[in-house]
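Data first, discussion second: the structure below is written as structure tokens.
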Amino acid sequence: MNLKKYIKKISIVALFALTVSPSFGQDLLARQAPVDRRMRALDTLALRSIEIKENRENPAAQLYEDFNNQYAHRATSLPSHYRIDLRHFCMPTPSRVVTSNFGARWGRQHKGLDIKVYIGDTIRAAFDGKVRVVRYEGRGYGKYIVIRHNNGLETIYGHLSKQLVSENEEVRSGDVIGLGGNTGRSTGSHLHFETRLCGVALNPALFFDFRNQDVTGDFYNFDLATYERDSAEATRVRGKIGNGGYTRDMIYGEVGQSANRGSSTSGELLYHKVKPGETLTSIAKKRGVSVEQIVRLSNLGKNPQIHVGQILRYS
Ligand SMILES: [Zn+2]
């Protein structure tokens with residue numbers, strides 16, 4: 001039974017309960033409130049248990065048409081807005097070492113983060129969900145696992161030495177799903193970790209901070225317009241300054257060396273990450289540009305305020 005049907009049914013039951021109540025009609029107003037409250041409590045509980053059951057059978061059913069094991073990832077249409085619940089997460093590995101970021105790499109797109117792990121290291125499910133794909137791809141992911149989570153995200157764990165779950169198996173956040181390895185196209189043991197929404201690879205650094213072993217917040221609000229704007233900008237930046245460039249994708253991850261180059265002379269987009277103690281004036285001086293230029297290019301508005309870690313465009 002799906003949620004909509006259930007709501008309809010519970011309303012009919014509630015109406016019936018009201019109708020047969022012997023005191024109905026005597027003091028309608030006095031009795032209405034507690035009945036409403038009780039109904040709401042009952043609704044919330046019952047709906048929650050239905051939701052849990054539905055998620056168990058088909059995680060994030062509102063985003064995905066089916067639970068298909070045939071393909072590892074196939075981009076479908078992204079929602080215009082979607083709130084991703086990051087609470088109850090588990091870091092897939094306690095390793096804090098990111099060896100490769102999301103984004104352009106050697107002329108191709110790296111669709112995940114590479115985290116240093118050793119062969120045999122424990123790899124855990126990032127959230128509750130259901131294992132969708134367990135497969136081997138010799139020239140790519142190696143032994144890999146795709147999990148669809150109740151929060152709508154799908155996570156991919158690649159180059160494993162051992163897969164410890166099977167397709168359609170339910171997992172809880174933190175369950176051991178495999179062991180770290182060096183299978184597939186990989187030089188040196190590491191975990192290739194992807195986060196996808198509707199098949200589209202999003203930078204895992206938007207959700208996970210491996211260095212601090214934490215999520216970026218309780219929720220992540222996905223916004224399609226922002227995503228499209230950032231992707232277009234990343235493509236434009238890559239097109240202009242090649243792989244050494246500082247892309248929007250990388251901004252969300254580690255700050256690369258290329259961000260620390262001098263002022264642009266060729267119309268390149270250049271960025272500065274705010275460090276403790278810095279002011280707009282000190283940044284402008286360091287970068288050899290005016291404060292006004294940073295304010296304008298970074299859209300800081302009439303009352304500019306900056307904070308540590310903020311990414312400013314200065315050229
Ligand atoms: Zn990788």
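All ligand and atom numbering here is 1-based and tracks the order in the structure. Because the structure is a prediction, the values reported are computed rather than measured.
- The Zn ion (ligand 1) has no N, O or S atom of H159 closer than 2.8 Å.
- With 2.8 Å as the limit, H192 counts as an N, O or S neighbour of the Zn ion (ligand 1).
- For an aromatic pair to be called close, the ring centres must be under 6.0 Å apart, and H192 with Y141 satisfies this.
- Put simply, the side chain of D230 never gets that close to the backbone of Y227: no donor and acceptor are under 3.5 Å apart.
- Checked against R132 for a salt bridge (charged side-chain N to carboxylate O under 4.0 Å, His left out), the options E169, E170, E154 give a single hit: E154.
- Using a 4.0 Å cut-off between a side-chain N of Lys or Arg and a carboxylate O of Asp or Glu, E57 and K53 qualify as a salt bridge.
- Checked against the Zn ion (ligand 1), the N, O or S atom of D114 at the shortest distance is OD1.
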